[in-house]
Amino acid sequence: MDELVARPAWAGLDLPLSLGGVTLSILPDGPLASLAPLRGQERAVADALGAALPGPGRMVALPGGGRLIWNGLGRYLLAGAAPDARLAGRAALVDQSDGWTGLALTGAGAAVVLARLVPLDLAPVAFPAGGVARSLLGHVDCLLIAGTAGFEILVARSFTRTAVHDIETAMRAVAARRALPQGPVGAGP
Amino acid sequence: MSRLASGGLIDRARRIPFAFDGRRLTAHPGDTLASALMANGVRLIGRSFKYHRPRGLIAAGSEEPNALVTVGAGAEATPNTRATGIEPYPGLAVFSQNRWPSLGFDLMAINDRLAPLLGAGFYYKTFMWPARSWERVYEPLIRRAAGLGALSGARDPGHDEKAFAFADVLVIGAGPAGLMAALTAGRAGARVLLADEDFRMGGRLNVERLEIDGAPAVAWAAAAVAELAALPNVRLMPRTTVTGVYDGHTYGALERVGRHLADPPEGLPRDAFWRIVAPRAILAAGAIERPIAFPDNDRPGVMLAGAVRAYVNRWAASPGATAVFTNNDDGWRTATDLAAAGVPVTALIDARPGVAPPDGPWRTFTGAVVTGTRGIRALRAVTVRDAHGERSVAAECLAVSGGWNPTLHLSCHLGARPVWDAAIAAFTPAPDAAPGLSAVGAARGAFSTRAALAQGAAAAAEALAALGIAAADQAVPYAEDAATTITPLWRVARTTGRAWLDFQNDVTTKDVALAAQENFRSVEHMKRYTTLGMATDQGKTGGVAGLAVLAELTGRSVAETGVTTFRPPFTPVPIAALGAGGAGRGFAPHRDTPTQAPIAARRAPLVEAGLWRRPSYFPAHGETTWREACDREVAMVRGAVGVCDVSTLGKIDVQGEGAATFLDHVYANTMSTLPVGRVRYGLMLREDGFVMDDGTVARVGPTQFFITTTTAAAGQVMAHLDFAAQCLWPGLDVAFVSQTDHWAQIAVAGPKARDLLAPLVATPIDDAALAYMGCAAADIAGVPGRIYRISFSGERAYEVAVPARWGAGLFDLLVERARPLGGGPYGMEALNVLRIEKGLLTHAELHGRTTADDLGLGRMVASAKDCIGKTASRRPGLSGPERQQLVGLRARDASGRLAGGAHILEPGAKAAAANDQGYLTSVCWSPTLGRDIALAFLRDGRARTGETLRAVCRLRGLDTAVDVVAPPFLDPDGGRLRG
Amino acid sequence: MRIACPLCGPRDLREFTYRGAAKLLDRPAADAGPEAFDDYLHIRENFAGPNPELWHHEHGCRAWLRVVRDTRTHEFLATELAHEGSR
Amino acid sequence: MRYSALQILRNALTGDRDWRPVWREPVPKPAYDVIVIGGGGHGLATAWYLARNHGLTNVAVLERGALGMGNVGRNTTIVRANYLLPGNSEFYSHALKLWEGLEQDLNYNVMMSQRGLVNLFHSDGQRDAFARRGNQIRLQGDDADLLTREEVRAHAPFLNFDDLRFPIYGGLLQRRAGTARHDAVAWGFARAADLRGVDLIQNCEVTGFRIEAGRVRGVDTTRGYIAAPKIGMAVAGRSSQVGAMAGLRLPIESHVLQAFVTEGLKPLIPGVISFGMGHFYISQSDKGGLVFGGDLDFYNSYAARGNLPMVEHVMEAGMALMPMIGNARVLRSWGGIMDMTSDGSPIIDRTPVDGLFFNGGWCYGGFKATPGSGWCFAHLIATGAPHPAAAKLRLDRFATGRVLDEEGTGAQHNLH
Ligand SMILES: Cc1cc2nc3c(=O)[nH]c(=O)nc-3n(C[C@H](O)[C@H](O)[C@H](O)COP(=O)(O)OP(=O)(O)OC[C@H]3O[C@@H](n4cnc5c(N)ncnc54)[C@H](O)[C@@H]3O)c2cc1C
Ligand SMILES: NC(=O)c1ccc[n+]([C@@H]2O[C@H](COP(=O)([O-])OP(=O)(O)OC[C@H]3O[C@@H](n4cnc5c(N)ncnc54)[C@H](O)[C@@H]3O)[C@@H](O)[C@H]2O)c1
Ligand SMILES: Cc1cc2nc3c(=O)[nH]c(=O)nc-3n(C[C@H](O)[C@H](O)[C@H](O)COP(=O)(O)O)c2cc1C
Ligand SMILES: [Zn+2]
């Protein structure tokens with residue numbers, strides 16, 4: 001039988017891209033699943049995962065590797081780990097490994113770039129490392145995770161090209177401001 | 001008018017060449033275009049809107065009404081730009097506007113002679129005869145005369161950006177009040193954002209000869225700015241105008257980023273529009289001086305006194321021999337400052353009797369007014385009247401101060417009305433005008449520098465307290481603390497001739513008087529009748545004077561008369577900035593299907609389908625029209641096998657003990673009875689009983705379903721399900737999530753569909769294993785996926801789904817393997833023909849005004865259970881013969897053409913609304929039937945099968961005989977589907 | 001305008017979709033009859049003042065919110081998750 | 001006093017001494033034959049047609065603020081008769097015919113400018129939908145033409161034909177559509193009604209109704225009780241509040257719609273242009289300002305002001321469709337309160353209270369209706385029977401299902 005060739009969502013896009021000290025790259029993909037505890041099963045799900053379910057805007061590292069990321073009302077993303085068999089019947093698990101594209105925006109000016117697109121206060125005091133938010137990236141729904149070196153940005157796979165284009169445009173504008181003789185007044189976080 | 005030998009905050013060592021109407025001039029860094037024009041002796045800068053009167057500078061800030069120019073030429077031409085806000089750069093070219101053929105000689109100035117005919121509202125009273133001449137004669141004339149500058153009509157290649165910013169405290173204006181507020185909040189560690197319109201922060205400290213703590217105020221301001229710039233928690237935004245106040249502590253602001261640069265770095269936006277969120281804001285926007293109305297007070301050279309000081313002190317630009325006309329003590333400063341700078345001052349005219357203005361090398365008049373001016377394109381002399389009579393005083397510039405109006409506009413954007421303060425004869429912001437916003441300094445009517453500093457510090461302290469940030473007390477620097485002494489004077493009485501209130505829109509005291517006489521006495525009526533305050537400066541200088549004059553004329557107080565509504569933006573904002581990112585493709589995001597690449601490789605033209613783009617058809621060698629390709633693809637599906645990407649369908653996984661019940665609620669038909677491994681067509685109604693969407697429901701496990709929506713309605717259905725689950729049936733245990741992006745889904749349709757697929761699918765797919773409307777998990781070409789036996793073409797068909805990354809490969813593989821079977825890919829055109837022939841629906845039919853009964857699907861609304869929309873769908877007006885019902889139409893003759901949107905008439909009926917029988921929704925040439933066919937809604941249609949009617953599209957000149965048939969047009973008992 | 005989502009915190013208006021009066025939470029029973037549905041679907045108190053209403057945090061956590069908002073000032077007086085709210 | 005060019009000339013020579021008040025400021029009488037509540041476009045037009053068509057002049061218009069400062073004074077002034085559905089179609093057709101002779105009828109230049117309106121479409125499906133509408137318009141006896149992409153280009157060459165996100169496929173043109181000057185419409189009807197003896201009473205807010213045995217007797221106002229056997233409500237965005245005073249429960253929500261005007265520019269935009277994919281419509285006023293708008297802000301509001309997301313959406317749509325307007329600057333933005341019905345179409349009908357008549361639910365489209373609405377409402381009030389052109393604009397259509405849902409968005413008030 002013919003072997004199918006996988007075509008990733010970012011095929012044809014010029015990444016990683018660095019501009020003005022900020023780098024946009026693709027996150028390595030791995031297993032990703034939507035997890036929604038069934039009614040009354042929250043405890044059992046937590047037990048199966050070995051970690052308490054993260055509250056809104058949070059995520060937790062799982063003991064067996066991977067992360068559980070809050071993903072809106074009653075939903076989580078199980079990232080980087082295959083679903084534990086004990087979750088069966090306790091949570092609605094839905095494969096999303098091909099549903100999302102993960103982007104990383106890193107560098108000192110990452111928040112400044114995202115301020116062009118995301119209507120959130122991204123300053124560390126307001127959105128510290130480890131924080132999770134569902135919001136908008138331009139006109140596209142996104143899931144944002146704050147890290148120490150920048151942000152992870154998840155968008156639905158079909159929006160990958162738009163998201164990359166929008167981020168790249170913002171990166172160019174920020175980089176141009178940095179090149180201004182009087183310095184980047186007005187471009188701060 | 002010239003540059004003074006010394007002084008000013010300009011860099012004399014560097015020269016900036018620029019051009020005004022082609023004249024080559026020089027500026028220095030630190031100049032504005034306005035100051036440079038003044039320093040170059042240019043007095044005539046524009047023409048007024050209506051009378052085309054010669055006009056020069058009045059002000060030095062964003063309130064300037066007259067000096068509007070067009071910046072640049074060609075596609076980049078930006079009209080109506082204030083000279084006071086332009087920073088010259090080498091090569092800057094600006095042009096005067098609203099004149100023809102030239103600024104000096106403007107033929108439209110004839111309007112000035114006709115002024116008696118062109119009073120307020122004259123156009124409402126004439127131009128009515130003969131009836132149709134408005135559009136043909138009068139309006140074109142008026143339009144040509146109206147308008148200020150011109151757009152190029154071409155797309156400007158420059159680009160802009162938008163961004164979000166957050167702060168604890170937003171300080172609006174960086175004069176003494178704003179700087180002190182920012183220092184106080186910044187030193188305490190609060191996140192501060194300080195925005196000022198000017199490229200140099202400092203406000204009036206930069207333009208006055210003041211001292212703070214014994215040092216020049218300019219130096220204090222510079223030190224304050226330097227300290228703020230060094231604080232990591234403070235962000236300075238010069239060249240940034242806060243333009244609007246919105247709900248939820250949200251502010252709009254326009255930052256001019258690259259407009260002042262000759263050679264901006266690549267990618268630099270011209271402007272940035274900011275949405276700033278700050279729980280506390282301090283309005284330290286200063287005050288705007290107001291003119292006094294007297295005859296011919298619009299002559300170039302008649303300026304505001306504070307602006308004259310600004311030009312002299314900040315830019316060392318001399319206005320020439322100056323007379324000063326004031327009704328308050330502050331005007332005196334202009335005389336003393338100018339004299340100190342060596343500018344001749346010819347007279348100091350104070351309207352107040354018995355005051356004692358300072359002495360100086362000028363003639364002093366008290367209890368005196370200016371009653372007229374002389375000069376044609378520039379002021380030469382003014383007429384002064386006092387107790388001793390009238391006399392002429394030579395002056396190239398008349399510096400006028402009628403007092404100051406706090407710049408309170410922003411405080412009114414959320415609907416508050418300002419309050420009249422008789423002590424300063426001005427409106428001040430109402431306390432609590434906007435949540436979280438407090439006004440300080442001149443913006444609050446406190447006109448001394450000391451008060452500005454003190455209020456700035458106090459407001460910041462209050463903000464910090466509200467935010468819970470501890471702060472040490474700030475010592476307020478020492479500065480002048482003069483009281484405001486003013487006697488209101490809005491217009492000089494006992495004069496003849498026109499006295500301007502609104503310079504840009506050419507509104508004079510006579511116009512206001514006419515409004516009052518004709519009973520347009522409400523201030524809003526007066527505004528609209530005279531257009532006072534409706535020009536691009538929104539009455540910043542003359543607005544209050546205008547309503548004060550109305551108050552006088554109608555015997556009311558200014559407070560009773562009130563103000564008109566202040567609206568955003570504070571100063572005009574380019575559409576390009578507010579709409580940044582919208583040009584061209586940026587308007588809406590694009591979605592790519594997993595098969596985008598192989599489809600593009602096959603040179604399929606793409607059409608928009610919502611946010612997606614889908615292949616229209618796949619051109620084959622030698623084909624010249626889309627119809628050829630489409631007919632071939634239809635025949636291919638009907639005769640062999642076709643492959644089509646359907647990944648754009650909305651796909652939702654629904655799970656939980658309550659899933660089946662939930663689906664029974666949201667679908668009109670019953671889903672709880674669906675066996676595992678089976679698929680059912682589903683119809684969703686809106687609660688008002690009309691059809692919302694259709695799709696398929698597959699039961700993939702006892703408590704797990706997989707449903708599809710149409711491409712168009714995917715988002716709407718998802719929100720609807722959220723609503724149903726959270727708001728209507730929160731007790732149900734159901735979880736659903738979109739899997740639209742996860743799955744690539746490909747339809748394989750045609751009599752040879754199974755032949756194509758069977759070798760690729762690991763499990764058997766013969767009719768016993770996978771009957772029509774069956775579904776199963778399956779390995780497809782080695783990838784775990786799903787297979788559904790459903791059809792949107794009327795042929796034996798399967799939809800195979802694999803995770804998206806495999807979609808492109810699977811599409812290639814299927815297309816390649818279809819070839820030897822006589823098959824290949826097909827696009828939207830063929831898909832459409834296939835479904836019309838089969839009488840299947842899309843949003844052309846499900847257009848939101850059709851019911852299940854209209855569609856012939858009334859029986860799908862299950863009687864045994866409730867569902868969303870069931871009760872409302874039974875309303876009497878929603879069924880029965882008065883409704884238009886879905887039918888098929890076939891052109892009688894093979895040559896008869898049909899068109900979507902045609903209406904249906906009976907043979908011989910007149911084309912009139914009363915005879916309308918219905919309309920065509922979906923039309924195609926059916927290669928299978930060899931004629932045009934259509935789906936249509938026909939009044940009482942189901943009862944009319946067999947009738948011959950006419951499909952009439954008068955827009956396209958079609959009148960075609962059609963036979964009414966019951967859809968589908970093909971294979972009514974579905975033999976082809978089942979195999 | 002900003003709305004304090006109980007899950008996400010204060011968020012910009014652009015993340016939300018407005019649906020209408022909070023009475024939409026009280027769907028009539030299946031047998032309530034056409035008048036009840038007519039009222040439910042069409043008739044609105046349309047308060048000039050505190051107005052109970054439904055918002056969807058569509059571009060955020062996807063929760064439906066029941067809020068009380070003053071329609072004269074746009075001030076939010078109460079915000080809660082619709083499925084948890086006292087009904 | 002008749003307005004004319006001659007009159008202007010005469011006054012020019014006499015220093016404008018002779019211009020008379022455009023309306024009187026009467027003291028309310030204790031009773032009238034008819035009271036019209038609301039001095040907006042529809043209330044004033046109703047008063048004018050009561051006098052003109054039915055000889056009823058013992059009429060008062062009660063306005064809570066100043067005349068014409070509601071929606072009639074703040075709309076984007078588009079006048080058209082290009083509706084899809086029977087019910088609306090004949091009504092707006094009737095209104096457009098009245099617009100065409102309005103200046104002469106009122107002796108006031110309302111600047112009705114029939115420079116055409118183009119609704120752009122951006123897909124084959126949209127073309128068919130617009131063709132359906134165009135054919136309906138023709139069946140109604142009004143004009144409509146389907147333009148090809150090239151014809152649209154000839155009409156408005158500055159549109160984005162290069163890289164528009166949703167390419168232009170063509171447009172539906174109505175040549176008789178156009179704009180009129182909003183304020184002039186209010187003032188023209190007011191002046192004409194006043195000249196016939198109608199009392200226009202400003203600063204007179206209706207605060208309650210007196211209803212006895214199911215019949216209306218009069219209204220309480222901030223200027224006292226005023227009696228009348230027949231009372232018509234035309235209060236647009238305030239319909240629910242005023243209706244509630246009479247116990248009416250209405251299928252209406254009040255929503256804010258924003259509009260925008262730019263600085264004055266030399267003439268550029270022909271007639272009205274409307275984007276089919278992004279809720280954006282634009283025309284140019286005689287003063288040169290580009291007047292444009294988009295969708296509702298979507299939330300209930302009585303505040304007559306909006307927020308940035310819709311501002312930005314409208315501007316982005318403008319930039320998408322006609323990027324050449326980028327260098328124009330927005331001068332002012334404002335909002336108005338729309339009386340949105342749950343099917344997006346208006347109501348002119350009797351109410352359960354005898355003698356009380358209702359006119360409202362105009363959504364964002366009632367300016368074009370003004371003369372038609374006044375004409376039909378006056379007919380209903382005077383004769384007690386609906387005018388044929390407004391016979392389907394009934395209050396009970398929601399209960400019966402005979403809704404007039406032009407947008408096809410269903411029973412959700414803010415989606416129309
Ligand atoms: C931004 C915007 C754009 C629009 N664009 C268009 C367009 O392009 N084309 C179009 O056809 N339509 C448009 N419309 C809609 C149109 O303006 C309205 O539908 C129409 O004006 C409403 O009728 P009216 O003129 O009688 O309303 P209004 O002028 O609002 O009159 C109602 C009057 O009732 C008064 N009132 C309220 N309560 C009381 C009370 N208790 N006692 C006494 N008086 C009371 C109000 O003060 C008001 O003056 C637009 C509306 C807006 C806001
Ligand atoms: N004696 C008088 O009659 C009189 C009257 C007015 C002002 N003044 C003097 O003016 C000074 C007032 O100090 P202040 O700090 O209150 O005002 P200011 O005029 O010094 O500063 C106001 C600043 O706000 C900026 N600004 C205005 N609107 C803005 C907006 N929307 N967005 C961004 N920036 C904006 C201006 O560019 C300016 O720099 C004092 O020195 C006072 O003595 C005196
Ligand atoms: C068609 C039209 C054109 C307008 N043109 C202008 C204008 O040129 N200048 C201006 O200041 N306002 C203009 N406006 C807006 C009005 O000033 C005012 O904002 C609007 O009528 C709403 O009233 P309000 O802001 O007082 O609430 C215009 C309004 C309309 C409806
Ligand atoms: Zn949320």
Side-chain angles (χ1 to χ4, degrees), chain B residues 78 80 116-117 119 122 124-128 135 139 142-143 146-148 150-151 153-156 246-247 275 514 518-519 522 524 528 536 567-568 572-576 578-579 582-585 587-588 608 686 688 690 844 847-849 875-878 900-901 903 911 913 916 919 954-955, chain D residues 3 5 8 12 16 19 21-23 66 69 103-104 108-109 113-114 125 128 131-132 134-135 138-140 146 158 163 165-166 183-184 263-268 286-288 307-308 312 315-316 318-320 323-334 400-402 405 408-411:
Chain B
T78 307
N80 302 339
L117 294 170
F122 74 96
Y124 298 127
K125 299 171 179 165
T126 182
F127 302 139
M128 289 176 267
E135 290 87 345
E139 193 181 39
I142 291 187
R143 284 180 170 267
L148 294 161
L151 286 178
R155 177 179 189 162
D156 186 332
Y246 300 90
D247 290 313
R275 303 79 140 197
L514 181 61
E518 294 193 67
N519 234 349
S522 136
E524 296 287 7
R528 286 156 174 79
T536 75
R567 296 282 192 182
V573 182
I575 294 177
L578 281 165
R585 302 212 185 285
F587 175 58
E608 312 293 329
R686 296 187 310 233
D688 67 357
F690 292 85
H847 54 50
R849 285 174 236 95
R875 286 181 286 172
L878 294 189
H903 279 238
D916 188 20
Y919 58 95
R954 296 171 75 202
L955 302 181
Chain D
Y3 286 162
I8 290 188
D16 285 330
W19 295 118
V22 63
W23 48 63
M69 292 305 307
E103 273 96 1
Q104 289 71 31
Y108 206 88
N109 187 357
S113 170
Q114 294 177 287
D128 287 351
R132 176 187 168 201
N135 280 309
R138 292 264 198 115
L139 287 174
Q140 189 56 53
L146 212 52
F158 49 79
D163 63 351
R165 173 69 180 79
F166 301 100
D183 292 330
E263 298 174 342
L265 297 160
K266 293 297 176 197
L268 189 74
D286 283 336
K287 279 172 60 192
N307 277 290
L308 281 173
E312 295 176 32
M315 303 294 160
E316 287 173 24
M319 288 304 291
M324 67 95 188
I325 62 172
N327 285 341
R329 293 192 195 82
V330 177
L331 168 64
R332 192 170 169 99
S333 62
W334 63 95
T400 62
R402 293 186 182 89
D405 182 358
T409 43

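Quick note on labels: first sequence line is chain A, next is B, and so on, each numbered from 1.
Contact tally against chain D (heavy-atom pairs below 4.5 Å) for B:A146, B:A150, B:P574: the top residue is B:P574. Per-residue counts of heavy-atom pairs under 4.5 Å with chain D were compared for B:S522, B:A844, B:A583; the largest is that of B:A583. Options B:E518, B:R275, B:E524, B:E608 differ in how many heavy-atom pairs under 4.5 Å they form with chain D, and the most are formed by B:E518. Each of B:R155, B:E135, B:R143 has some count of heavy-atom pairs under 4.5 Å with chain D, and the biggest count is that of B:R143. In terms of heavy-atom pairs under 4.5 angstrom with chain D, the leader among B:A154, B:G901, B:G848, B:G877 is B:G901. The greatest number of non-hydrogen atom pairs below 4.5 Å with chain D, out of B:G584, B:A911, B:G119, B:P116, is found for B:G584.
In this structure a side-chain-to-backbone donor-acceptor pair under 3.5 Å is missing from D:E103 to B:M128. Side-chain N or O atoms of D:S333 include one that pairs as donor or acceptor with a backbone N or O of B:P568 at under 3.5 Å. Judged by distance alone, the side chain of B:N519 and the main-chain N or O of D:W23 form a donor-acceptor pair under 3.5 Å. Checked by atom type and distance alone, the side chain of D:R138 never pairs as donor or acceptor with a backbone atom of B:L955 at under 3.5 Å. Judged by distance alone, the side chain of D:N135 and the main-chain N or O of B:R954 form a donor-acceptor pair under 3.5 Å. Although no hydrogens or angles enter the test, the distance criterion places no donor-acceptor pair under 3.5 Å between the side chain of B:N80 and the main chain of D:A328. With hydrogens and angles disregarded, a donor-acceptor distance shorter than 3.5 Å links the side chain of D:N307 to the backbone of B:D247. Looking only at distances, no side-chain donor or acceptor of D:K287 sits under 3.5 Å from a matching main-chain atom of B:G147.
Contact of D:Q104 with chain B is made through the side chain alone, with heavy-atom distances under 4.5 Å. Proximity to chain B involves both the backbone and the side chain of D:I325, based on heavy atoms less than 4.5 angstrom apart. Looking at B:R528, both its backbone and its side chain come within 4.5 Å of chain D, counting heavy atoms on both sides. In this structure, chain D has heavy atoms under 4.5 Å from both the backbone and the side chain of B:T536. Proximity to chain D (any heavy atom under 4.5 Å) is shown, for B:F127, by both the backbone and the side chain. Residue contact with chain B, scored on non-hydrogen atoms closer than 4.5 Å, involves the backbone of D:T409 exclusively.
Under a cutoff of 6.0 Å and an axis angle of 45°, D:R165 and B:F587 do not form a cation-pi pair.
B:Y124 and D:Y108 have parallel rings, their planes meeting at less than 30° on a 0 to 90° scale where 60° marks the start of perpendicular.
Within the 4.5 Å cutoff, no side-chain heavy atoms of D:R329 are placed close to those of B:V573.
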request  = Please report the C-alpha distance between D:V330 and B:I575 in whole Å, then the side-chain angles of each, then the deciding distance to 0.1 Å, and finally whether the side-chain contact (heavy atoms from CB on, under 4.5 Å) criterion is met.
outcome  = CA-CA 6 Å; D:V330 177; B:I575 294 177; 3.8 Å; yes
